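Since this is a predicted model, take the numbers as computed values, not measurements.
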Amino acid sequence: MISEPAVPLRATRLVEHAQLPTRAHPTDAGLDLYAAEAVTIAPAARALVGTGIALGLAPGTVGLVHPRSGLAARHGVTVLNAPGTVDAGYRGEVKVCLLNTDTRDSFTVAVGDRIAQLVIQRVELPDLQEVADADALGATDRSDRGHGSTGR
Ligand SMILES: O=c1ccn([C@H]2C[C@H](O)[C@@H](COP(=O)(O)OP(=O)(O)OP(=O)(O)O)O2)c(=O)[nH]1
Ligand SMILES: [Mg+2]
């Protein structure tokens, strides 16, 4: 059951034909982002596609531009910089950097196509503090073991 009231998210259409992001189902994490321009992406090429919208994200939140799994599975189309970071203070047009990973077929985006999904999350905005050495970072069980260390 969802008990918390929905937090408002300000959005505006920069062009009349833009579509505001929509949630396909009430509890979906992602709001679908719509293309405001048509573009054909050649095999193995990328394109920065405008959504025609701008956001007023609350400080302490971020908009993450995730790929849509259907586009990935059916067409090999993903978001190159996934997840894209829309900073809370950004008031420009939200754009999606699509990558067509298919090596044979080009991919055509039409105005109004759903090209990615926006996930809003809370973020920490900590003050970075430099400490003297790695010992002063705080002791942990893992320590400096990484990069597959538990696989051996
Ligand atoms: O998928 C994305 C990623 C970013 N942006 C916008 C919002 C974000 O706040 C701004 C900057 O993004 P980012 O910090 O990822 O790019 P940068 O290369 O570091 O540019 P900048 O120097 O402007 O921070 O571009 C988008 O519209 N879509
Ligand atoms: Mg940046």
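Residue L48 is not grouped with residue L99 when hydrophobic side chains (ILVMFWY) are merged at heavy-atom distances under 4.5 angstrom, including chains of intermediate members.
Of all the heavy atoms in P67 and T78, the pair that sits closest is CG-OG1, 3.5 Å. Here the shortest heavy-atom pairing between A35 and V49 reads CB-CG1, 3.9 Å. Of all heavy-atom pairs between G52 and A36, the closest is N-CB, 3.6 Å. Shortest non-hydrogen contact noted between L71 and R114 is CD1-O, 3.8 Å. Across L20 and A11, no two heavy atoms sit closer than the pair CD2-CB, 4.0 Å. The minimum heavy-atom distance linking A136 with A132 is given by the pair CB-N, 4.4 Å.
At least one side-chain heavy atom of V131 sits under 4.5 Å from a side-chain heavy atom of L137. Taking 4.5 Å as the limit, every side-chain heavy atom of L31 sits out of range of all side-chain heavy atoms of L33. Between V65 and L118 there is a side-chain heavy-atom pair separated by less than 4.5 Å. Proximity of R68 to I115: side-chain heavy atoms (C-beta onward) are nowhere separated by under 4.5 Å. Considering only heavy atoms from C-beta on, H75 stays 4.5 Å or farther from N100 through its side chain. Using a 4.5 Å heavy-atom threshold, the side chains of V39 and E37 count as separate. Inter-residue side-chain proximity for T150 and R142 is flagged as met; some heavy-atom pair is nearer than 4.5 Å. In this structure, the side chains of L57 and L9 come closer than 4.5 Å at one or more pairs of heavy atoms.
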Audit row: Y34, I53, side-chain contact (heavy atoms from CB on, under 4.5 Å) steps and yes/no: CA-CA 9 Å; Y34 294 81; I53 63 142; over 6 Å; no

task: Please step through side-chain contact (heavy atoms from CB on, under 4.5 Å) for the pair F107 and V109, ending with a clear verdict.
output: CA-CA 7 Å; F107 182 74; V109 174; 3.6 Å; yes

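Of the inter-residue distances, the one linking L128 atom CG with L125 atom CG reads 12.5 Å to the nearest 0.5 angstrom. The distance from the CD1 atom of I120 to the CG atom of L55 is 6.5 Å, given to the nearest 0.5 Å. Taking OG1 of T101 as the start and CG of L80 as the end, the distance is 11.0 Å to the nearest 0.5 Å. Here I41 contributes atom CD1 and R46 contributes atom CZ; the two are 11.0 Å apart, rounded to the nearest 0.5 Å. Here T61 contributes atom OG1 and R122 contributes atom CZ; the two are 9.0 Å apart, rounded to the nearest 0.5 Å.
For the residue pair T85 / Y90, no side-chain donor-acceptor distance below 3.5 Å is found, with atom types taken as modelled.
The backbone N or O of T40 sits nowhere less than 3.5 Å from a side-chain atom of S106 that would complete a donor-acceptor pair. The backbone N or O of G30 sits nowhere less than 3.5 Å from a side-chain atom of D28 that would complete a donor-acceptor pair.
By the 6.0 Å contact criterion, CG on D127 is open, its count of non-hydrogen atoms from other residues, nucleotides or ligands being 12 or less.
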